[in-house]
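Structure first, commentary second.
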Amino acid sequence: MKSNKKTIYLDNAATTYTDERVVNAMLPYFGTMYGNPHSLHSYGLDAQKVVDISRESVAHILSCTPQEIIFTSGGTESVNLAIKGVAFSKGSGHIITSKIEHPAVLRTCEFLEKNGFTVTYLNVDKDGIVNPQDVQKAITKNTILISIMYANNEIGTIEPIQDIGNIARKHNILFHTDACQATGSLSLDVSHLNVDLMTLNGSKVYGPKGVGILYTRNGVTLQPLIHGGGQEFTMRSGTENVPAIVGFAKAMEYAHREKKKENKRLIQLRDTFITNVIKTIPKSFLNGHPTERLPNNVNISFLDVEGESVLLYLNEKGIAVSTGSACSSKELEISHVLDAIGLKHDAAHGSIRFTIGRKTTTQDLKYVLTVLTPIIETLRRISPVKVKKSEIRK
Amino acid sequence: MTPIIHKAEVKGKQGQNWLYTKEVKEHFFHPKNTFKSVEEEEEFEKNADGIGEVGSPACGDMMRMYIKVKDGIIVACRWKTFGCASAIASTSILSEMVIGKTLDDARKIKPKDIVQKLKGLPQRKIHCSVLGDKALQKAIDNFEKKKR
Ligand SMILES: Cc1ncc(COP(=O)(O)O)c(C=O)c1O
C-alpha cells in the first residue's frame, strides 16, 4: 500500500486541486438549484441570478463590465473563440503571435493559415521574452490580430503585454492575450493591460476544470463558434455550466484576495528552490527569465539525463512534476518552447518543470531536493552522454 | 442484453497507475548489468572485446553496449543508456538476454524479442528498444573486426 507515502504535487501549471471553499460553493448548483438559467420559473431565475453574480464578481476583478465576460468551456475554447472569432469576422488578413504559445494558439493559427490567413510567429530571446519592437516590425497593413501570451506555461516567463497592447492600440489592431497561467497570480485589470481579448482558465486557479472566460472588450466583433440558443450574449450558445461558473468566480475571488501574500510566499519558495537545486546539482541551469517569471514556476535542465526518466523516478518517490521531453512515434521530441529559447536538443531533453502551489511548503521542497540529487546521480551514472555546459545553446 | 456500466473512477488506486508493465518497471528502477564502479567502467572501456554505440542525445536516445567474449560466447555485458524509461529498461533486459549466448544467437535478437520479454511497450515507445539490438550488433561487429 502506498497510503502512508509522502506525496508532493508540483504540477500546478497543469492543473490545481479545487479549493474546498470553491467545491462547497458549487455543490448547491448540482443539487437543489439545478435550474436552467434560460427558464422563466423560479428554478431558472435562481440559476440566472447566480450566473449574473458570478459574472459581476469576475468583472469587478478585471475592472470591466459584466457584458464583457463570456464564459466558455476552458482555455482552449476561449483561445479558439478569440482568434477564430476575430479572423472569421474579418474574413481575411494577417495575425501576429509568438513561437512559444500554447498549442491552443499555435494549432488554431495553423488552421487559419490553411484557410487563407497569414501568420507571423515571432521569435523570443533566450529567456523567452517577446520583444515589443519585433511586434511593431511585424505589423502590416493587413494585420487584424496580435495574440501574445501573458505568461508561458512551460518556462514561466511573463511577457510585456502592456507594451505590446500599446503598440496594437496605436495601430488599431486587436490584441488578445492567453492569460491561462496568469489568472491566479498576475494583474488582470484590463484598464491597464491594453488588451481587447483575454483568455482565463478555471483549472489553474483552484477552480473546477472545463470552465474558462474570454474577456471581450465592448465593441470588439467576434464571429461565434458555437451557434444555438444564444447564451453568453450570443457569443457562446449552450446551457450554461452553472456550477462551474460559480466555482470559477469563487476561485478567482479567493485568488484575487490572497494574491499579494501568496505571491510573496511563492516567490520566496521558488527562488530558494532554484538557488539550492543549481548549487547542489552540477550541470543544471534555469530555463526562462530569472525575475520576469510566474511566482510558481521553476524549470530546470539537468544535463546528460532524459526528462521522462527523472519524472518517473520522482513519481516513484511520490513527487509529481512535468518535463519538456516527450516521446513521439519517431523520436524523442523537445518542447517547442525550449527549442525557441535556443536550447540544443541534448540540453533540452533533461528539462523538468516544478510548479509549486498553495500547499507547497519549505519542507516539501527540501525533501524534493534530497530525493532529486541521488536520482540525477543514478541516471547520469548509466548515461553515455556528456554535454558540456558551454554547449547548451544553438 | 446486459448494459455496460463504465466505471469512471480510480478510487483506491490513487497514485498507483503506471505507464508500463511490471517488467519495464523492474528493469527501469533496478537496471541490470550496469557498471558497479568507475574502476569497472574504466576496465571495460579498455578491455571489452567489443563496444557498440547507436543514437545521439540530439535525437533523444543513445545507447552504448560493451561485451566480453570467450570461445564465441558472450560472457559479460555492460551498457549505458540515455533515454526514457523504456529505453533504459529495454537495454537492461537485453543485457540479461545476451549473456551466455553465442555471437550468432545474439545477433538474431530482434526488437520484438525485447518487447516480448518486457511484456509489451506502448506503441510509440517501441523505437527505443530498436536501438538496443543495433548497439549490440555494432559491439559484435567491433569484436569481429578486432579479431581479424
Ligand atoms: C497558456 C495556456 N493556454 C491554454 C491552455 C489550455 O487550457 P485548457 O486545457 O483548460 O483548455 C493552457 C492549459 O494547459 C495553458 O497553460
Side-chain angles (χ1 to χ4, degrees), chain A residues 1-9 17 301-320 323-335 339 343-350 374-388 391-392 394, chain B residues 12-20 24-38 40-41 45 51-66 78-89 91-92 95 121-131 135:
Chain A
M1 278 296 287
K2 257 194 172 177
S3 56
N4 287 329
K5 219 172 99 177
K6 202 172 167 62
T7 56
I8 299 176
Y9 182 79
Y17 66 91
S301 281
F302 302 97
L303 294 178
D304 306 339
V305 296
E306 193 278 323
E308 191 203 87
S309 293
V310 179
L311 181 154
L312 293 174
Y313 267 76
L314 283 170
N315 181 56
E316 201 57 16
K317 298 284 181 189
I319 300 164
T323 171
S325 177
C327 263
S328 71
S329 54
K330 279 201 260 29
E331 56 181 33
L332 212 56
E333 279 181 352
I334 65 161
S335 97
D339 192 39
L343 287 193
K344 278 192 187 167
H345 281 227
D346 322 29
H349 280 306
I375 288 175
I376 302 293
E377 275 173 19
T378 303
L379 289 170
R380 278 184 180 158
R381 223 175 290 131
I382 62 169
S383 169
V385 177
K386 301 249 171 322
V387 181
K388 289 203 190 73
E391 292 173 356
I392 58 178
K394 285 188 269 197
Chain B
K13 271 178 70 177
Q14 206 177 14
Q16 298 197 353
N17 286 310
W18 171 251
L19 279 170
Y20 301 104
V24 173
K25 192 169 178 175
E26 169 61 22
H27 280 273
F28 175 55
F29 288 117
H30 309 285
K32 319 298 174 199
N33 299 310
T34 56
F35 291 114
K36 304 288 171 290
S37 63
V38 181
E40 194 190 49
E41 187 174 339
E45 281 287 348
I51 300 179
E53 185 176 292
V54 287
S56 80
C59 38
D61 297 291
M62 179 171 170
M63 280 154 208
R64 192 184 295 153
M65 279 250 161
Y66 305 76
R78 294 286 182 272
W79 56 273
K80 285 196 149 200
T81 287
F82 170 90
C84 59
S86 57
I88 290 174
T91 337
S92 172
S95 75
L121 282 176
Q123 192 57 41
R124 73 201 162 87
K125 296 280 187 180
I126 287 179
H127 73 281
C128 304
S129 57
V130 174
L131 288 182

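Every chain is numbered from 1, with letters handed out A, B, ... down the list of sequences.
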Does the side chain of B:Glu41 reach to within under 4.5 Å of the side chain of A:Arg381, using non-hydrogen atoms?
no

Enclosure of A:Lys394 NZ (heavy-atom neighbours >12, cutoff 6.0 Å)
yes

Heavy-atom pair with the smallest gap, counting every atom of A:Tyr313 and B:Phe28
OH-O, 2.6 Å

Taking all atoms of both residues into account, what is the closest heavy-atom pair of B:Phe82 and A:Glu306, and its distance?
CE1-N, 3.7 Å

Can you see which heavy atom on A:Leu312 is nearest to which on B:Phe29, and at what distance?
O-CZ, 3.6 Å

Report the distance from atom CD1 of B:Ile88 to atom CD of A:Glu308, rounding to the nearest 0.5 Å.
9.0 Å

Are B:Trp79 and A:Ile382 packed together at the side-chain level, in the sense that at least one heavy-atom pair is separated by less than 4.5 angstrom?
yes

Most contact-rich option vs chain B, by heavy-atom pairs under 4.5 angstrom, among A:Ser383, A:Ser309, A:Pro384, A:Gly350, is A:Pro384

